[in-house]
Amino acid sequence: MDNNNIKAYTPMDRKIIKYIKKHSNRNKSLTINNILKHLNLTQEEEIIKSIERLNNIYTIDIKENKLFLINTPVDRALPLEFDDDLNHFNSLSYYTEEVTSTNGFLKQLAKENKIKHGAILITEHQTDGRGQLNRVWEDKTFMSILMSTFLDLNINIEKVLLLSATVGLALSKTIKGHCSLNPQIKWPNDVYISGKKCAGILVEGSIMQTVLQHAIIGIGIDVNYELDDFPVNIRNLATSLRIETRIINNRMRLLNEFIKYLDKYITLLLDGKHEEIANKVNKILYHRGEVIIYKGDRYLVDSINPKGELVLSKIPGGEKLEISSTGDLEYAYGY
Ligand code: BTN
């Protein structure tokens with residue numbers, strides 16, 4: 001499958017569509033001049049080009065210098081209407097209804113040096129979605145949030161676990177705010193609700209000696225699945241926001257909220273507020289205080305530390321052990 005149908009949108013496109021959506025209605029016509037003034041632009045040409053790009057998705061008519069928003073697609077997770085005042089996500093955003101893997105596509109752009117900090121790709125379906133440990137990540141079209149972002153981080157490689165936890169925190173805050181649920185972070189990469197996984201994170205990076213130069217962070221959220229929509233083998237392990245709330249969720253609103261939280265917590269991470277992030281994660285750390293088996297011995301799950309490692313406490317004795325990989329780890333009472 002080729003990925004040629006992936007379209008790129010600029011921050012200006014995002015400003016324009018938001019302005020059009022706010023001001024184009026039956027009672028008031030919107031002119032190109034209105035937009036020029038509002039966005040402090042001088043070139044009409046820029047707006048026309050933006051509208052051409054936006055017309056891949058929306059239907060915007062221009063007649064006698066007046067703009068009419070004829071159609072906005074429903075139930076799409078478009079990376080086009082999130083807030084403007086973000087620190088990180090001010091680069092191109094890409095959208096396509098189908099792609100092999102959003103991580104794979106951004107990886108390719110990174111390899112060709114064609115991508116900038118904060119680029120985002122969203123799709124509605126992946127034909128070759130990847131999970132952790134090279135597992136397959138399956139989806140049903142229009143039911144999830146499937147996205148990747150490219151971040152130019154230049155942080156010590158030791159912080160990669162904290163990076164996952166930071167993304168997990170943003171996901172948990174989004175789900176709590178949007179659905180009034182109480183998600184938990186299962187170290188190191190997953191978000192759980194009521195003991196079942198509802199979102200996963202896949203961090204892939206380019207490492208030079210001890211520095212994680214850039215990361216491609218892939219996120220999959222099970223939003224509107226019913227139980228039957230999951231592959232049979234994971235039905236007792238997975239859940240979705242719809243299953244938990246009995247509501248079909250607006251994926252685009254959820255996405256917009258998520259981008260806001262992700263921006264906030266990535267800023268904390270890059271500002272070195274590692275302890276603050278770890279403290280927040282510890283409040284919602286799954287299995288915290290429970291028994292775990294590590295290399296055959298019993299431990300309690302204590303916390304994560306500011307490096308993002310999992311801190312275990314030996315039973316009996318309480319000596320602390322910090323681990324950075326899930327290998328050799330078994331949860332004593334189920335997954
Ligand atoms: C996991 O829990 O195993 C991680 C799942 C990550 C899935 C997302 S979906 C968007 C992005 N593209 C991929 O191919 N994988 C990630």
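Atoms considered below: every heavy atom in the structure, side chains included; atoms not considered: hydrogens, waters and symmetry mates. For ligands, and for the atoms within them, numbers begin at 1 and follow the listed sequence.
- Atoms of ligand 1 found under 4.0 Å from any heavy atom of K197 (numbered from 1 in listed order, with element): 1 (C), 2 (O), 3 (O).
- Across T102, L121, T123, heavy-atom proximity to atom 10 (C) of ligand 1 is greatest for T102.
- A heavy-atom separation below 4.0 Å is found between Q126 and ligand 1.
- With respect to the salt-bridge test (charged N to carboxylate O, under 4.0 angstrom), the residues K21 and E81 qualify.
- Within the structure, ligand 1 has N103 among the residues with a heavy atom less than 4.0 angstrom away.
- Shortest non-hydrogen contact noted between P79 and R14 is O-CD, 3.5 Å.
- Using a 4.0 Å cut-off between charged nitrogen and carboxylate oxygen, K295 and D297 do not count as a salt-bridge pair.
- Every atom of ligand 1 with a heavy atom of S148 under 4.0 Å away is listed here by number and element: 11 (C).
- If you number the atoms of ligand 1 from 1 as listed, the ones under 4.0 Å from a heavy atom of G129 come out as 14 (O).
- Contact atoms of ligand 1 toward S101: 12 (N), 13 (C), 14 (O) (distance under 4.0 Å to a heavy atom of the residue).
- In summary, the atoms of ligand 1 found under 4.0 Å from a heavy atom of D190, numbered by their order in the structure, are 2 (O).
- Of the N or O atoms in R130, one or more lie within a sub-3.5 Å distance of an N or O in ligand 1.
- Ring geometry, H88 versus H117: the interplanar angle exceeds 60°, so the pair is classed perpendicular (tilted spans 30 to 60°).
- Proximity of S144 to ligand 1, defined as any heavy-atom pair under 4.0 Å, is not found for any part of the residue.
- K176 NZ: 12 or fewer foreign heavy atoms inside a 6.0 Å radius.
- Close approach to I201 involves these atoms of ligand 1, each under 4.0 Å from a residue heavy atom: 4 (C).
- Across K197, E244, K196, a single residue satisfies side chain to side chain donor-acceptor pair (under 3.5 Å) together with T239, and that is E244.
- The aromatic rings of Y19 and H23 sit tilted, their planes meeting at an angle between 30° and 60°.
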